Amino acid sequence: MDLQQTGDDRGSLVVCEINKHMPFEAKRFFHIYGTQNGIMRGIHANRNSSFFMVCVKGSCQVDVDDGREQASFYLDHPAKGLFVNSMMWKTMKNFSPDCVLLVLSDCVYDETEYIRDYDRFIKEVHSS
Ligand code: TYD
């Protein structure tokens, strides 16, 4: 998803609006930075939370898997956003050293909604 980007001689400005770019009202954001080469993050699914990811600096790869199909996305520009629905297995990797990955979510943090075992995830996908 391309966010709205404007710019003038003062620099660039990127806009992300509910319903136009991002399909939910955010209740939480977190950002990931200082990730060393070779590190993978995520590697889990969330039963309830959806996410909207923007790499505001640097780049990284986000692999998503709905239990049936897999796709990889490269976030390499601050005006690119990626919506990741709930019940998606996701892995973030190939972080550039300067990467700052901003993640917005429609839910507050709740460890009990995490599925950290892939077989369990597949079981829940196919039982729904
Ligand atoms: P973790 O789920 O391992 O992060 P990632 O999905 O990026 O690999 O979370 C790391 C730690 O941060 C863990 O102790 C839980 C905590 N945490 C929160 O307290 N709130 C949050 O919103 C998130 C995403 C993590």
Side-chain angles (χ1 to χ4, degrees):
M1 153 69 67
D2 290 329
L3 303 178
Q4 182 186 327
Q5 188 176 16
T6 62
D8 53 33
D9 54 10
R10 296 169 301 165
S12 300
L13 188 150
V14 176
V15 181
C16 176
E17 266 184 36
I18 293 158
N19 295 335
K20 201 165 165 189
H21 307 99
M22 186 173 74
F24 58 73
E25 280 192 40
K27 291 202 176 130
R28 159 173 67 126
F29 79 81
F30 55 94
H31 41 275
I32 293 168
Y33 66 97
T35 305
Q36 301 297 311
N37 202 12
I39 292 291
M40 294 201 287
R41 300 201 59 133
I43 322 176
H44 57 231
N46 295 75
R47 293 188 182 91
N48 305 318
S49 299
S50 304
F51 297 93
F52 194 83
M53 301 184 178
V54 181
C55 205
V56 293
K57 190 173 167 67
S59 60
C60 69
Q61 178 180 338
V62 185
D63 292 345
V64 295
D65 175 351
D66 65 2
R68 294 175 178 93
E69 289 178 64
Q70 293 90 36
S72 292
F73 296 92
Y74 299 92
L75 299 180
D76 57 2
H77 192 278
K80 267 190 193 175
L82 176 67
F83 172 65
V84 182
N85 213 342
S86 56
M87 281 309 276
M88 298 285 276
W89 190 262
K90 51 202 165 299
T91 302
M92 292 85 88
K93 61 190 187 191
N94 293 333
F95 292 90
S96 64
D98 61 344
C99 179
V100 181
L101 179 64
L102 175 67
V103 185
L104 298 104
S105 178
D106 58 344
C107 296
V108 296
Y109 181 73
D110 174 8
E111 176 58 37
T112 65
E113 64 131 353
Y114 279 68
I115 310 171
R116 297 187 183 275
D117 177 77
Y118 188 75
D119 292 340
R120 166 102 218 153
F121 165 67
I122 293 295
K123 229 178 244 171
E124 291 196 23
V125 166
H126 292 282
S127 67
S128 64

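Read the numbers this way: they start at 1 and go in the same order the structure lists the ligands and their atoms. Just so it is clear, the model here is predicted, and its values are computed rather than measured.
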Which bit of I32 gets closer than 4.0 Å to ligand 1, counting heavy atoms only: side chain, backbone, both or neither?
side chain
Donor-acceptor pair, S105 side chain versus S50 backbone, under 3.5 Å?
yes
R28: numbered ligand 1 atoms lying under 4.0 Å from its heavy atoms
21 (C), 22 (O), 23 (C), 24 (C)
Can you tell me if R28 uses its side chain to pair, donor with acceptor, with the backbone of C107 under 3.5 Å?
yes
For atom 25 (C) of ligand 1, what is the closest protein heavy atom, and at what distance to 0.1 Å?
Y109 CE1, 3.7 Å
Tell me the protein heavy atom at minimum distance from atom 6 (O) of ligand 1, and give that distance in Å.
H44 CE1, 2.8 Å
Is there a donor-acceptor contact under 3.5 Å from the side chain of E113 to the main chain of N48?
yes
Report yes or no: does D63 contribute a side-chain atom to a donor-acceptor pair with the main-chain N or O of T91 at less than 3.5 Å?
no
4.5 Å side-chain heavy-atom contact, K90 and N46:
yes
State if R116 counts as touching ligand 1 under the rule of any non-hydrogen atom under 4.0 Å.
yes
Quick one: does E111 get within less than 4.0 Å of ligand 1, heavy atoms only?
no
Heteroatom distance test (R41, ligand 1): nitrogen or oxygen, under 3.5 angstrom
yes
Got a protein heavy atom sitting under 4.0 Å from atom 15 (C) of ligand 1?
yes
Tell me, do M87 and F121 make a side-chain contact under 4.5 Å, heavy atoms counted?
yes
Closest approach of any protein heavy atom to atom 8 (O) of ligand 1, naming residue and atom:
G42 N, 2.9 Å
Okay, side chain of S12, backbone of G7: is any donor-acceptor separation there less than 3.5 Å?
no
